[in-house]
There are 2 protein chains.
Amino acid sequence: MEYSEAKERYIEAWGSLGSSWGVNRTMAQIHALLMIATEPLSTEEIMEDLKISRGNANMNIRALLDWGLAKKVLKLGERKEYFVTDKDPMVLAAQVAKERKKRELDPIIRLLDEVSSVKGESKEVQEFKKVTTDLKGFAKQADSVINTFIQSNSNWFFKILGKITR
Amino acid sequence: MEYSEAKERYIEAWGSLGSSWGVNRTMAQIHALLMIATEPLSTEEIMEDLKISRGNANMNIRALLDWGLAKKVLKLGERKEYFVTDKDPMVLAAQVAKERKKRELDPIIRLLDEVSSVKGESKEVQEFKKVTTDLKGFAKQADSVINTFIQSNSNWFFKILGKITR
DNA sequence: CATAACTTTCAAATATTATTGAAAATAAAA
DNA sequence: TTTTATTTTCAATAATATTTGAAAGTTATG
């Protein structure tokens, strides 16, 4: 396969995968581009490569910075901003896990805490309490696993899992 | 908190969480409703409760069946179809993991396999190969963890993790 | 200070996705 | 077979999300 075709397919696939890990298509495509870049990219280069507008590029680069999935680097004597991403998949996964936990898991745990304290004794209320309490317990377990995962900065997680799941 | 309020908030939250695990809002809301139901629900009851159209209800119930997140039950002597869901969060998680693996992880592994075999020796191609190969390795590790998780049908996963992450 | 280089904003336009509702299809019962 | 209950389909519509592009904002430099 030719490089240009491979690159195009990879960027497109990464883009549509974006929604899986909670980011929009362009954001994921910019990330994909940064992953395979051999040096920091400017907004201009990103715009050109993905054929997107300046506003769009800017917005989504900011979003990546916000997610901790890209960082700004400055080139000596240049005014323009350049961007890079960490290329280690493990670091990427940990960062995504961290942000999604913050945006999704934490709020749902708070909500389940509130609603599971509902008052009443009817069959419906009893079932509701049971279900929401079970979900909360599960969410908290997941939370603590993710926390440990985030804290770690190497492959220990998969190494140990590898042994367990063999 | 009153039951009606708790129920409403829980369903709404579950609905907006839906996009997190890759399903649309209505589908997640129907699932939420089935989770707290004390008996099987018919399409009619779901429509009424969520105030959605028949077409919408039908489409999303089919989607839940397709994901393995709901199943049809028949009441003796009744023509209508009723639906239930498994209420164990662990079973839910395993089912979602299974479907998402099929829909997202498997295709991306196949793609990475193809594109990482790109021809060429330039700096760009070398970097591209390295990144896509690393991603593929990571994806395969994730895949094997998920496979083991899917196979299991109890809490062993969290029990062991609990010990590791303490 | 004035100009130029660059970044950010945001209203309008586009594109994408979800929902409705009524008609068509299906299948049990009369 | 005909009627009736129920489910499915799908074109039209509505709702949501994304993208554009030009103007406004910011900051470095002469």
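Heavy atoms only: backbone and side chains are in, while hydrogens, waters and symmetry mates are out. Numbers restart at 1 for each chain; the letters A, B, ... are given by sequence-line order, proteins then strands.
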Could you tell me the separation between the [atom1] atom of [X] and the [atom2] atom of [N], rounded to a whole number of Å?
X      : N       : atom1 : atom2 : result
N58(A) : dG21(D) : CG    : P     : 15 Å
K75(B) : dA5(D)  : NZ    : C1'   : 17 Å
E81(B) : dA5(D)  : CD    : C1'   : 12 Å
M59(A) : dT8(C)  : CE    : C1'   : 10 Å
I61(B) : dA18(C) : CD1   : P     : 17 Å
L50(A) : dT20(D) : CG    : P     : 10 Å
K80(B) : dT4(D)  : NZ    : C1'   : 14 Å
L64(A) : dT7(C)  : CG    : P     : 16 Å

Between E44(B) and N60(A), the residue closer to the 5' end of DNA chain D by nearest nucleotide is E44(B)

Could you check whether R62(A) gets within reach of a base, just the sugar-phosphate, or nothing at all, counting any heavy atom under 4.0 Å? sugar-phosphate

Could you check whether N24(A) gets within reach of a base, just the sugar-phosphate, or nothing at all, counting any heavy atom under 4.0 Å? sugar-phosphate

Per the atom types in the model, does the base of dT27(D) pair as donor or acceptor with the side chain of R79(A) at under 3.5 Å? yes

Closest-nucleotide 5' rank along DNA chain C - winner of R25(B) and Y82(A): Y82(A)

The side chain of N56(B) is closest to which nucleotide in this list: dT20(D), dT7(D), dT19(C)? dT19(C)

Options dT9(C), dT20(D), dT7(D), nucleotide nearest the side-chain atoms of S53(A): dT20(D)

Could you list the residues that satisfy ring pair (Phe, Tyr, Trp, His ring centres under 6.0 Å) with F138(B), not counting sequence neighbours? F158(A)

Under the ring pair (Phe, Tyr, Trp, His ring centres under 6.0 Å) rule, collect the residues that match up with Y3(A), sequence neighbours excluded. F128(B)

Closer than 4.0 angstrom, basic N to acidic O: yes or no for K102(A) and E99(A)? yes

Are N58(A) and R62(A) packed together at the side-chain level, in the sense that at least one heavy-atom pair is separated by less than 4.5 angstrom? yes

Regarding Q29(B) and T26(B), do their side chains bring together a donor and an acceptor under 3.5 Å, going by distance alone? no

dC6(C), OP1 or OP2 - any side-chain N/O from T43(A) closer than 4.0 Å? no

